[in-house]
K.L.:
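After the structure tokens below, expect a handful of questions from me.
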Amino acid sequence: MMLELFLHPFSSYSWKVLIPLYENGTAFTYRMIEQPENGAELHRLWPVGKFPLLLDQGKPIYESSTIIEHLQRHHPGPVRLIPEDDAGIEVRMLDRIFDNHVMAQMQRVVNDALRPPERRDPVEVEQAKAALDKIYGWLDDWLAGRQWAAADSFSLADCAAAPSLFYADWVHEIPETLTHLRAYRARLLARPSVARAVDEARPYRHYFPPGAPDRD
């Protein structure tokens, strides 16, 4: 097998790479990092230990957005996730917005829940949720009249949006008044590639530190 992906099925950034692989029916070897030999190989290839990591004929590719761009360039499929010209700029912009302003703020809440009770910081959690409220409002306005996040088609931006909004809504639910954003999240979860990633992660929901809600 030419492509090998080191990942965990409950990992948000692993989903981000799985979604384009599933969209395009790209064949790859699934290297689950909970298996000791895969975890050891991941750390040998990338001492930072972050995943997902793609191996393409032995060459490691790091970081989820870069992996997706690599896949499009070297293993293209019917679904083109990063368009050319200004449309590609919009897609990359939304990709960074979802990673930095949704995923990162969600992770602040999760990280706090991972700490021992005596080291938890309610101010940190309050600030993260306030930041989510701001970006939720901006996204609701941005998504008015749009089916997908950018460039009028399913793209890299939606690959970033799916896991970030999935988990962010678990730690700080999107208000019912933000109808565009809530509908967009529902469209994402109904997409077969995203639904597959969600289903593969179901056995690991007990890993979610703040507690997984009984939905989705």
Side-chain angles (χ1 to χ4, degrees), residues 3-34 42 46 48-56 60-77 79-83 88 90-108 110-111 132 135 139 143 148-151 153-171 181 184-202 204-205 207-208 216:
L3 296 175
E4 301 173 64
L5 186 67
F6 293 79
L7 76 162
H8 191 285
F10 199 63
S11 153
S12 54
Y13 283 110
S14 294
W15 285 22
K16 184 177 171 180
V17 173
L18 284 171
I19 291 165
L21 288 166
Y22 293 158
E23 283 285 326
N24 282 310
T26 307
F28 69 100
T29 298
Y30 199 110
R31 300 287 297 271
M32 168 69 151
I33 58 98
E34 280 196 344
L42 169 68
W46 185 219
V48 171
K50 296 289 186 180
F51 51 88
L53 180 146
L54 182 73
L55 266 189
D56 188 350
I61 310 295
Y62 314 102
E63 299 295 332
S64 57
S65 297
T66 309
I67 291 171
I68 294 169
E69 190 141 8
H70 175 89
L71 288 169
Q72 177 164 295
R73 178 170 296 187
H74 297 283
H75 304 274
V79 181
R80 185 173 180 83
L81 295 164
I82 308 170
E90 183 177 85
V91 164
R92 290 181 178 90
M93 178 180 75
L94 267 291
D95 170 62
R96 303 322 308 136
I97 287 171
F98 282 113
D99 278 4
N100 293 325
H101 299 283
V102 182
M103 194 96 77
Q105 299 304 328
M106 175 276 295
Q107 194 62 49
R108 290 172 69 187
V110 171
N111 289 345
L132 284 172
I135 198 61
L139 285 167
L143 289 162
W148 303 114
S153 62
F154 191 85
S155 72
L156 165 69
D158 304 294
C159 296
S164 63
L165 289 173
F166 181 86
Y167 287 115
D169 188 61
W170 278 13
V171 303
L181 183 57
Y184 172 61
R185 183 179 183 272
R187 283 195 298 279
L188 288 169
L189 296 186
R191 184 118 178 155
S193 59
V194 178
R196 181 175 173 181
V198 171
D199 286 341
E200 289 174 348
R202 288 186 190 279
Y204 304 96
R205 290 192 172 191
Y207 284 12
F208 198 66
D216 295 325

K.L.:
Determine, step by step, whether F166 and R185 satisfy the side chain to side chain contact (heavy atoms under 4.5 Å, CB included) criterion, reporting the C-alpha distance in whole Å, the side-chain angles of both residues, the deciding distance to 0.1 Å, and the verdict.
P.N.:
CA-CA 7 Å; F166 181 86; R185 183 179 183 272; 3.8 Å; yes

K.L.:
Please name all residues satisfying side chain to side chain donor-acceptor pair (under 3.5 Å) with N24, sequence neighbours left out, ordered by chain then number.
P.N.:
none

K.L.:
Any side-chain heavy atom of P52 sitting closer than 4.5 Å to one from Y13?
P.N.:
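Yes, their side chains come closer than 4.5 Å.
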
K.L.:
Quick one, C159 with F154, criterion side chain to side chain contact (heavy atoms under 4.5 Å, CB included). Give me CA distance, side-chain angles, the key distance, then yes/no.
P.N.:
CA-CA 8 Å; C159 296; F154 191 85; 4.1 Å; yes

K.L.:
Within the structure provided, determine whether S11 and F51 are in side-chain contact (heavy-atom separation under 4.5 Å).
P.N.:
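Sidechains of F51 and S11: in contact.
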
K.L.:
Check the pair R96 / D99 against salt bridge (Lys or Arg N to Asp or Glu O under 4.0 Å), numbers first and verdict last.
P.N.:
CA-CA 5 Å; R96 303 322 308 136; D99 278 4; 2.9 Å; yes

K.L.:
Mind checking side chain to side chain donor-acceptor pair (under 3.5 Å) for E23 and listing every partner two or more places apart, or none if nothing turns up?
P.N.:
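Counting only residues at least two positions away or on another chain, E23 forms a side chain to side chain donor-acceptor pair (under 3.5 Å) with R191, S193.
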
K.L.:
Would a 4.5 Å heavy-atom cut-off, applied to side chains only, mark T29 and L55 as touching?
P.N.:
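Not touching, per the 4.5 Å side-chain cut-off.
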
K.L.:
Taking only residues two or more places apart in sequence or in another chain, which ones pass side-chain contact (heavy atoms from CB on, under 4.5 Å) with A162?
P.N.:
I19, L188, V194

K.L.:
Looking at CG of L54 and CG of L3, how far apart are the two atoms once the value is rounded to the nearest 0.5 Å?
P.N.:
5.5 Å

K.L.:
Could you tell me the separation between the CG atom of D56 and the CG atom of L5, rounded to the nearest 0.5 Å?
P.N.:
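Between atom CG of D56 and atom CG of L5 there are 11.5 Å.
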
K.L.:
Between V91 and P83, which heavy-atom pair has the shortest distance, and what is it?
P.N.:
CG2-CD, 3.7 Å

K.L.:
What distance separates S12 OG from M106 CE, expressed to the nearest 0.5 Å?
P.N.:
4.5 Å

K.L.:
Does I61 form a side chain to side chain contact (heavy atoms under 4.5 Å, CB included) with H74? I'd like the steps, not just the answer.
P.N.:
CA-CA 12 Å; I61 310 295; H74 297 283; over 6 Å; no

K.L.:
Please report the shortest heavy-atom distance between A151 and E90, naming the atom on each side.
P.N.:
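Taking every non-hydrogen atom into account, N-OE1, 2.6 Å.
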
K.L.:
How many angstroms lie between atom CG of L18 and atom OG1 of T26, to the nearest 0.5 angstrom?
P.N.:
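Atom-to-atom, L18:CG and T26:OG1 are 11.0 Å apart.
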
K.L.:
Supply the atom-to-atom distance K16 NZ to S65 OG, rounded to the nearest 0.5 angstrom.
P.N.:
3.0 Å

K.L.:
Quick one: side-chain contact (heavy atoms from CB on, under 4.5 Å) partners of R187, sequence neighbours excluded?
P.N.:
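By the side-chain contact (heavy atoms from CB on, under 4.5 Å) rule, R187 matches Q147, W148, A183, Y184.
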
K.L.:
Working note: V198 + D216, criterion side chain to side chain contact (heavy atoms under 4.5 Å, CB included); need CA distance, chi angles, decisive distance, verdict.
P.N.:
CA-CA 8 Å; V198 171; D216 295 325; 5.6 Å; no

K.L.:
Are more than 12 heavy atoms from other residues, nucleotides or ligands located less than 6.0 Å from atom CD of E63?
P.N.:
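Open.
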
K.L.:
Between the main-chain N or O of L81 and the side-chain N or O of Q72, is there a donor-acceptor pair closer than 3.5 Å?
P.N.:
yes

K.L.:
With sequence neighbours excluded, tell me which residues meet side chain to side chain donor-acceptor pair (under 3.5 Å) with H8.
P.N.:
E34

K.L.:
Say whether, by atom type as modelled, one donor and one acceptor occur between the side chain of Q105 and the main chain of L132 under 3.5 angstrom.
P.N.:
no

K.L.:
So which heavy atom on A149 is nearest to which on A157, and how close?
P.N.:
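Answer, listing the atom of A149 first, then A157: CB-CB, 3.9 Å.
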
K.L.:
Which heavy atom in L42 sits nearest to a heavy atom in G49, and how many Å separate them?
P.N.:
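So the two residues come closest at CD2-O, 3.6 Å.
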
K.L.:
The criterion is ring pair (Phe, Tyr, Trp, His ring centres under 6.0 Å); which residues satisfy it with Y167, sequence neighbours excluded?
P.N.:
F10, W15, W170, F208

K.L.:
Nearest 0.5 angstrom please: L21 CG to R196 CZ, how far?
P.N.:
9.5 Å

K.L.:
Would you sort out whether R92 and D95 count as a salt bridge (Lys or Arg N to Asp or Glu O under 4.0 Å), showing the intermediate values?
P.N.:
CA-CA 5 Å; R92 290 181 178 90; D95 170 62; over 6 Å; no

